[in-house]
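Here is how names work: the chains are called A, B, and so on, in the same order as the sequence lines, proteins then strands, and each is numbered from 1.
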Number of protein chains: 2
Amino acid sequence: MDNMTIDKNRAVPPEEYADLRKALTLISGKWKLEILWLLYHRTHRFGELRKTIPGITQHMLTRQLRELEADGLVTRTVFAEVPPRVEYSMTEATKALEPTIMALMAWWQQFGKAAQGGTQPEE
Amino acid sequence: MDNMTIDKNRAVPPEEYADLRKALTLISGKWKLEILWLLYHRTHRFGELRKTIPGITQHMLTRQLRELEADGLVTRTVFAEVPPRVEYSMTEATKALEPTIMALMAWWQQFGKAAQGGTQPEE
DNA sequence: CTGGATCCCCCAGGATACTG
DNA sequence: CAGTATCCTGGGGGATCCAG
């Protein structure tokens, strides 16, 4: 496919739609975007993420990080030190995702927000 | 917003992160993307969507469409005819979202797919 | 400090039957 | 044809305690 737009003459492409679903799944965790957001700034330690993200528990943070790691969206580095230290950082895939994330946010701010302005833009 | 990139010098922007979460929520329904995908081609009748989307039930189709409508992502047109006819079509917001959706899919195909190489095979 | 093991709750998703 | 009205289920999310 040489053109990044939807082919109006063809029926639904099931496999590509599946890809789309999977891509969404990767970032669908409740805290994943916020974690990635922090990692866009810099590498964080586990405790830093925990303190910075309001409302998250160790358990959830661990789970979300494990999933992100399995999906190649974060890198986990363990330091064999006396007080355990684990650092999480973004990957190439994470970096490549940033423009899309920002585009999604911009889209919401322009269209979604208005639509939710009361379920009806104006009357 | 003059720059579409994350400010590395600032802490987490809670409100913008909330916007991002909401944007994701709008398209997080299991069948929403596939519905939008079909509407990118052309306006569809309820029955058309039902027949075209494999595995969806009337119930789920109705629910997803209602949510999309409430979020301003689809337009619902009812024709007062003897055999009821209802058509669904995309909105300006839907159109504006297309590039982002395609970008997300392209991202997955380039990065996510490779990352899943060792996770779990398909079924 | 990091994170595993358990138990619990809620709700998106689904199966089924009925209707203007 | 295009929906509602019920009921049920799985699993994501959460609270809490334990451990290296």
Got [X] and [Y] here, is their nearest side-chain heavy-atom distance under 4.5 Å?
X        : Y        : value
B:Glu16  : A:Gln109 : yes
B:Leu68  : B:Lys32  : yes
B:Leu104 : A:Leu97  : yes
A:Leu26  : B:Trp108 : yes

Review point. Does B:Ala93 offer a backbone N or O that forms a donor-acceptor pair with the side chain of A:Trp107 under 3.5 Å?
Key: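 Side chain of A:Trp107 to backbone of B:Ala93, a donor-acceptor pair under 3.5 Å: yes, one is there.
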
Review point. Does any N or O in the side chain of B:Glu87 come within less than 3.5 Å of the main-chain N or O of B:His44, such that one atom is a donor and the other an acceptor?
Key: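 The answer is no, because no donor-acceptor pair under 3.5 Å joins these two groups.
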
Rounding to an integer number of Å, can you tell me how far [X] [atom1] sits from [N] [atom2]?
X       : N      : atom1 : atom2 : value
B:Leu49 : D:dC1  : CG    : C1'   : 13 Å
A:Leu61 : D:dT16 : CG    : C1'   : 17 Å
A:Leu33 : D:dG13 : CG    : P     : 12 Å
A:Arg85 : C:dT2  : CZ    : P     : 10 Å
A:Ile53 : D:dG14 : CD1   : P     : 12 Å
A:Glu69 : C:dT2  : CD    : P     : 15 Å
B:Glu87 : D:dA2  : CD    : P     : 9 Å
B:Lys51 : D:dG3  : NZ    : C1'   : 16 Å

Practice item. Could you tell me whether A:Tyr88 contacts a base, only the sugar-phosphate backbone, or nothing, with contacts defined as non-hydrogen atoms closer than 4.0 Å? Key: sugar-phosphate

Practice item. Give B:Pro83 one of three labels, base, sugar-phosphate or nothing, depending on what nucleic acid heavy atoms sit under 4.0 Å from its own. Key: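 B:Pro83: no heavy atom of the nucleic acid under 4.0 Å.
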
Study note, to complete from the structure: Under a 4.0 Å heavy-atom criterion, the protein footprint on nucleotides 4-17 of chain C, written with B, S and -, is SBB------BBBB-

Check your understanding: Do B:Thr91 and B:Thr94 have side-chain atoms, one donor and one acceptor, less than 3.5 Å apart?
Key -> yes

Check your understanding: OP1, OP2 of C:dC1 versus side-chain N and O of A:Arg45: anything below 4.0 Å?
Key -> no

